[in-house]
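Lettering follows sequence order; numbering is per chain, from 1.
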Protein chains: 2
Amino acid sequence: MPTDSATGQSGTNRPGGTNGPGGRRRRGAVLEAAILDAAWDQIREAGVAGFTFDAVASRARTSKPVLYRRWPSRKELLAATLHRQLVVNPLVVPDLGSLRDELARLLREDSEKRFQFIGVFGSLGVVLDGSSVSFAELRRLAIGGSQSTMDAILVRARERGEITVDLPERVAGLPFEMLRGQVLMTQKPLDEESIGSIVDEVFLPLVRAYEHGLDAANEG
Amino acid sequence: MPTDSATGQSGTNRPGGTNGPGGRRRRGAVLEAAILDAAWDQIREAGVAGFTFDAVASRARTSKPVLYRRWPSRKELLAATLHRQLVVNPLVVPDLGSLRDELARLLREDSEKRFQFIGVFGSLGVVLDGSSVSFAELRRLAIGGSQSTMDAILVRARERGEITVDLPERVAGLPFEMLRGQVLMTQKPLDEESIGSIVDEVFLPLVRAYEHGLDAANEG
DNA sequence: GTCATTAGATACTGACTCGTATCTTCAAGG
DNA sequence: CCTTGAAGATACGAGTCAGTATCTAATGAC
């Protein structure tokens with residue numbers, strides 16, 4: 001996780017240098033990662049509006065041309081920034097022995113790692129438009145990351161015998177749509193009470209309903 | 001619903017006039033409403049980023065000073081714009097004879113009337129900060145509007161005997177959190193299939209589960 | 001050590017936006 | 001009809017940002 005890491009002192013041995021930590025001049029992939037992490041810090045603090053090349057360059061202790069050599073415009077930089085956060089921060093949930101615990105853990109992790117991403121997502125449709133890494137691609141990554149982890153959890157639950165029937169797609173994705181809906185409105189990560197409520201008041205009762213077969217009988 | 005209503009021709013009898021429709025000079029409440037409607041059109045088309053005083057003034061066929069006389073800054077204008085849309089566009093669902101039909105209707109209406117609002121909501125936390133009409137107030141209005149209509153529907157369902165037990169708050173709010181979650185990611189209003197799925201695959205099965213009492217047995 | 005590459009600093013243009021000031025012109029009240 | 005208040009046009013200064021150009025200097029390959 002990228003922290004501000006403002007080492008403060010700039011000029012170690014260079015004239016007006018505001019280089020990276022340690023005073024050494026960074027290059028290639030190291031520099032690129034540092035920039036994208038700084039960009040992520042910037043977007044979290046100042047939002048999409050405060051996401052300027054000057055601000056990002058300054059925070060990354062480099063300069064604008066270095067950014068422009070890599071990303072031709074603000075859109076690309078923004079997309080690359082979010083893309084990196086999604087790719088570099090995969091959701092992983094170990095086997096905890098029960099569907100309940102694993103789902104709660106997944107919701108907690110998703111919420112913590114990505115709630116700022118959710119807060120920012122609303123603005124993206126307007127900003128990103130025809131970028132190389134498009135809005136649709138970011139959406140796919142964001143949803144896919146949660147869903148594939150969820151799928152893994154459901155597979156384990158099925159192996160344990162906690163689930164025997166097939167759940168509709170929307171039911172499997174339900175916890176995350178609720179997560180997004182609440183995070184969007186509160187601009188905060190999910191608290192423990194909400195996690196418990198989604199798991200115990202909504203998802204598990206619904207799973208049990210599908211298990212007991214007293215379900216979809218009056219549709220269409 | 002405010003439409004662009006670009007009557008086109010400007011100078012009816014005034015020198016450089018770009019007045020309102022009809023060429024007459026608007027005043028007071030009429031003018032204010034016209035401005036806020038234009039502002040809403042603007043934010044829908046250009047997003048929060050394109051929400052400038054110049055753009056709004058031009059679209060409302062008036063000029064910046066007129067706006068500044070009413071709202072001291074962009075924040076206030078933005079808050080007033082969203083506030084008006086929420087207040088002027090209440091959600092109403094008539095008695096349709098069944099919980100299922102009424103909920104579907106409510107989701108459809110909420111989605112159509114407010115999906116742009118949801119898209120914009122993510123940006124607001126950063127933009128609005130200590131405004132007279134705050135982020136929290138807008139959130140309360142947005143959630144409250146949906147929830148109170150939902151409560152009315154649930155009351156009718158109870159009178160009909162479709163529901164006899166009490167539902168947890170989160171269950172009653174579930175359709176809207178799912179709505180927000182999906183709209184946030186797709187930037188589109190809910191399609192009919194999604195509405196049907198939320199109603200028939202999630203909400204109603206869950207209600208039935210609570211009705212049959214095979215529910216909350218293993219929490220905390 | 002030499003050289004090609006690229007980081008990094010700085011400055012600049014053009015566009016845009018905010019917020020205000022000034023002036024003219026209309027609308028309504030009496 | 002006359003006065004008052006507000007609408008509307010226009011212009012301006014200050015500030016910000018995108019994107020580019022130009023220069024110096026450090027780094028790594030050889």
Do Asp151(A) and Ser148(A) have side-chain atoms, one donor and one acceptor, less than 3.5 Å apart?
no
If I take atom CG in residue Leu78(A) and atom C1' in nucleotide dA18(D), what distance separates them, rounded to the nearest angstrom?
15 Å
Please write out each protein N/O paired with an N/O of nucleotides 13-17 of chain D under 3.5 Å, distance rounded to 0.1 Å.
none

Please state how far atom CG in Leu31(B) lies from atom C1' in dC26(C), giving the value in whole angstrom units.
13 Å
Mind checking side chain to side chain contact (heavy atoms under 4.5 Å, CB included) for Ala157(A) and listing every partner two or more places apart, or none if nothing turns up?
Leu99(A), Arg160(A), Glu162(A), Ile163(A)
With sequence neighbours left out, the residues meeting salt bridge (charged side-chain N to carboxylate O under 4.0 Å, His left out) with Asp54(A) are Lys64(A)
Please confirm whether the shortest side-chain N or O distance from Arg69(B) to OP1 or OP2 of dG19(C) is below 4.0 Å.
no
If I take atom CG in residue Leu77(A) and atom C1' in nucleotide dG19(D), what distance separates them, rounded to the nearest angstrom?
13 Å
Hey, what are the protein-to-nucleotides 28-30 of chain C N/O distances that come in under 3.5 Å?
none

Under the side chain to side chain donor-acceptor pair (under 3.5 Å) test, which residues partner Ser197(A), sequence neighbours left out?
Glu201(A), Arg170(B)
Going by ring pair (Phe, Tyr, Trp, His ring centres under 6.0 Å), name the residues that satisfy it together with Phe51(B), two or more places apart in sequence or in a different chain.
none
What residues, two or more places apart in sequence or in another chain, satisfy side chain to side chain donor-acceptor pair (under 3.5 Å) together with Asp166(A)?
none
List in chain and number order the residues that pass side chain to side chain donor-acceptor pair (under 3.5 Å) with Glu169(A), two or more places apart in sequence or in another chain; answer none if no residue qualifies.
none
For Phe121(B) and Phe115(B), I'd like to know if the aromatic rings sit close, meaning centre-to-centre distance below 6.0 Å.
no
Compare side-chain N and O positions of Arg26(B) against OP1 and OP2 of dA6(D) and report whether any pair is under 4.0 Å apart.
no
Only counting residues at least two apart or in another chain, list the ones meeting side chain to side chain donor-acceptor pair (under 3.5 Å) with Glu192(B).
Arg108(B)
State whether Thr62(A) places a side-chain N or O below 4.0 Å from either non-bridging phosphate oxygen (OP1 or OP2) of dG8(C).
yes
The salt bridge (charged side-chain N to carboxylate O under 4.0 Å, His left out) partners of Arg140(A) (sequence neighbours excluded) come to Glu137(A)
For Arg70(A) and dT5(C), give me the distance from atom CZ to atom C1', rounded to whole Å.
12 Å
Once you round it to whole Å, what is the distance between C1' of dA6(D) and CD of Glu32(B)?
13 Å
When the rotation axes relating C1' atoms of four end pairs to the next four are compared across the helix from dG1(C)-dC30(D) to dG30(C)-dC1(D), five pairs an end, they differ to 10° by 30°
Please enumerate all residues that pass side chain to side chain contact (heavy atoms under 4.5 Å, CB included) together with Ala33(B), with sequence neighbours excluded.
Arg84(B)
Rounded to the nearest Å, what distance is computed from the CD1 atom of residue Ile35(B) to the P atom of nucleotide dA7(D)?
8 Å
5' priority, DNA chain C, between Lys64(A) and Ser73(B) [closest heavy atom]
Lys64(A)
